[in-house]
Amino acid sequence: MTDTPRDLDGGAAEERTLRLAKLDELRAQGIDPYPVRFDRDSLARELHAQYDDTIEAGAETDAVVRVAGRLLLIRRQGKLTFGTLRDGSGTVQLFVSQGVVGEDAFERFNTLDLGDWVGVEGRVMKTRKGELSIKVEQFALLAKALRPLPDKWHGLSDVDTRYRQRYVDLIANDDARRVFEIRFATVRAVRAFLEARGYIEVETPVLHPIPGGAAARPFETHHLALDVDLYLRIAPELYLKRLIVAGFERVFEIARVFRNEGLSTRHNTEFTMLELYEAYADYHDMMALTEEMVADAARHAIGTTSVEWDGHHLELAPPWQRRTLLDLVKEHAGVDVHPSQPVEQLRKVCDDLGVPYEPTWGPGKLILEIYEKTTEANIVGPTFVCDYPREVSPLARPHRDDPTLTERFELIVGGREIANAFSELNDPVDQLRRFEAQARLKQLGDVEAHGVDDDYVRALEYGLPPTGGMGMGMDRLVMLLAGVTSIREVILFPHLRPEVT
RNA sequence: GGGCCGCUAGCUCAACUGGCAGAGCAUCGGACUUUUAAUCCGCAGGUUCAGGGUUCGAGUCCCUGGCGGCCCA
């Protein structure tokens, strides 16, 4: 008797017991239900490409092929059984006739269960109805499935189970597979786009002694041997700019970053950020690069630059709107604000608009808050929102025409931030002052404020050339292209509370 | 953190105002050599998320907790 594996959830106990018994039966017959290998020579998609248009309904070829995959459907019809086999490329029908395989093998085929992995060998044919099929001559069970698949028509829709057991979601739901194919194609396209422009892909540390490059709460950890506290990175920015100091002129990293914040449809604890830096570029160059890159990714991942998302029709083909933040606030909130205005005046604007604020906030932070509460969600875009206040942009260069602002943009699409970019601040003295201003905020209790990174300032003292940089939430880009509004739909294994057993 | 909604068979879903917990698919048994969500006949399958309460009687009402979804902060 087979030892029963531990059953996590007690689901489908009866069926599981039956299938475990089949394992014993197979082994008793000298058949290994988990054989070491099967050599296949064809993929489902290749067979359709080669034969769909070249053979007629009812015809049979001499081509003997070997395919393998998961058995998704079985249609038993007396002495003839049809099966639907899916491999990594697509599906193909199996045609299993008792007259061809013999009584014993036919009986054995009929003990297979939905979900089993099987390998078959047979001739390519088409049924009378014109369905391309493999007329099976030999077959082997490659791996026994002990648990039943979800409903063959409705699939799996319970979101909790879909996220916790993503492997089942991906087996059962074509739409889930489609979303992740878009994700993989998007990442591939972005890499190819940047490499074609002379960017090199680099890897920088995940464990940071000083968390930096973004305003966020980090995860803390501890290095035992060195007895030092470390933080999981919240952004790769400061390391990537060190590489521009070092003389690499165009670098990018597709970086997993970690933020110790609440979970929502827009936030996952760990997510993927693209960051890129280019010497001799400014934020105008970054706008051009960003719009071209996103349009290119869209074409490669979904074949079009027109997307429907969260009730909006979005056109991603360049050029995109370029607007200043102050201008947009004037348009949406009806107020004329500027960081040169006294704090009291800006607080009054907040009061009038019903925007709450903290006493520690300066003019720049007040303006950013007004923008975020009244304007951002209403921008359909894609729009480059330009020229953020200096106070809230500690890593961006002062604006060439107005030193109270910075040369920074955020890309807003469908009311949500997708990317953030600057002409990078490369004046080490100014950078130190900005870090110190952040440190004061941290002392006042702002857990998201930037710390002082002395080594980064030292790197700037060696000279960072004029540089443009951009960071983009890859998960959010994929959401846009896939037409989904929850970040959990684009992350293979999203964070959930631990399963209770 | 707050509000609203959900959790019923392996899966997808029903169950009126509190009154015998059901269907389809999957499974199991049977028929069937051109089906393709095959079809037809039959059987079986339940800690109604957990615990407590109200009631003659709770899937349903109340309380606490768990997990999830949506919205807000």
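Within every chain, numbering begins at 1; the chains are lettered A, B, ... in the order of the sequence lines, protein sequences first and strands thereafter. Note: hydrogens, waters and symmetry copies are ignored here, and every other heavy atom, side chains too, is used.
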In whole Å, what separates the P atom of B:rU60 from that of B:rA9?
15 Å
For nucleotides 68-73 of chain B, 5' to 3', base contacts (B), sugar-phosphate-only contacts (S) and non-contacts (-) with protein non-hydrogen atoms under 4.0 Å give SSSS--
Separation of the C1' atoms in B:rA15 and B:rC70, to the nearest angstrom:
26 Å
Provide the distance between the two C1' atoms, one in B:rC20 and one in B:rG52, to the nearest whole Å.
26 Å
Earlier contact from the 5' end, RNA chain B, for A:Lys126 and A:Arg19:
A:Arg19
B:rA37 to B:rA44 separation - P atoms, rounded to the nearest Å:
30 Å
A:His313 versus A:Ser306: any side-chain heavy-atom pair under 4.5 Å?
yes
Tell me: CZ of A:Arg217 to P of B:rG1, nearest whole Å?
13 Å
State, without any angle test, whether A:Gln93 and A:Thr84 hold a side-chain donor-acceptor pair at a distance under 3.5 Å.
no
Testing B:rG24, B:rU33, B:rC28 for proximity to the side chain of A:Gln98, the answer is B:rU33
When you compare B:rG24 with B:rC43, how far apart are their P atoms, in angstrom units rounded to a whole number?
12 Å
Is the NZ or CZ atom of A:Arg347 both under 6.0 Å from the centre of the six-membered ring of A:Tyr357 and within 45° of that ring's axis?
no
Interatomic distance at P, B:rC7 relative to B:rU48, whole Å:
14 Å
Is the phosphate of B:rU12 approached by A:Ser157 (side-chain N or O, under 4.0 Å from OP1 or OP2)?
yes
When you measure from the centre of the six-membered ring of A:Tyr388, is the NZ or CZ of A:Arg408 under 6.0 Å away and within 45° of the axis?
yes
One thing to verify: whether A:Lys348 and A:Asp352 come together as a salt bridge, which I'm taking to mean a side-chain N less than 4.0 angstrom from a carboxylate O.
yes
Student check: side-chain heavy atoms of A:His450 and A:Leu238 closer than 4.5 Å
yes
Between B:rA37, B:rU34, B:rC32, spot the one nearest the side chain of A:Leu73, thanks.
B:rA37
Does the distance from a Lys or Arg side-chain N to an Asp or Glu carboxylate O, for A:Arg177 and A:Glu181, drop under 4.0 Å?
no
Determine, stepwise, if the pair A:Asn268 / A:Asp475 fulfils side chain to side chain contact (heavy atoms under 4.5 Å, CB included).
CA-CA 9 Å; A:Asn268 195 58; A:Asp475 311 278; over 6 Å; no
Base-pair string, RNA chain B, Watson-Crick plus G-U, cut-off 3.5 Å on both distances, | for inter-strand, is (((((((..((((.....[..))))..((((.......))))......(((((..]....)))))))))))).
Among B:rC25, B:rU33, B:rA38, find the nucleotide with the atom closest to the side chain of A:Asp151.
B:rC25
Expected output: side-chain A:Arg19 to main-chain A:Lys144 donor-acceptor under 3.5 Å:
no
Within less than 4.0 Å of OP1 or OP2 of B:rC25, is there a side-chain N or O belonging to A:Lys152?
no
Please report, rounded to the nearest Å, how far the P atom of B:rC67 is from the CD atom of A:Gln165.
17 Å
Any side-chain N or O of A:Lys135 under 4.0 Å from OP1/OP2 of B:rU33?
no
Please pick, from B:rA44, B:rU34, B:rG24, the nucleotide with the shortest atom-to-atom distance to any side-chain atom of A:Phe95.
B:rU34
Atom-to-atom span, CG of A:Asn110 to P of B:rA31 - whole angstrom
12 Å
Measure the shortest side-chain to side-chain distance between A:Thr161 and A:Val168 over non-hydrogen atoms and say whether it is less than 4.5 angstrom.
no
Measuring only the C1' atom in each nucleotide, how far is B:rA14 from B:rG6? A whole number of Å is fine.
15 Å
A:Gln77 (side chain) and B:rU33 (base): donor-acceptor pair under 3.5 Å
no
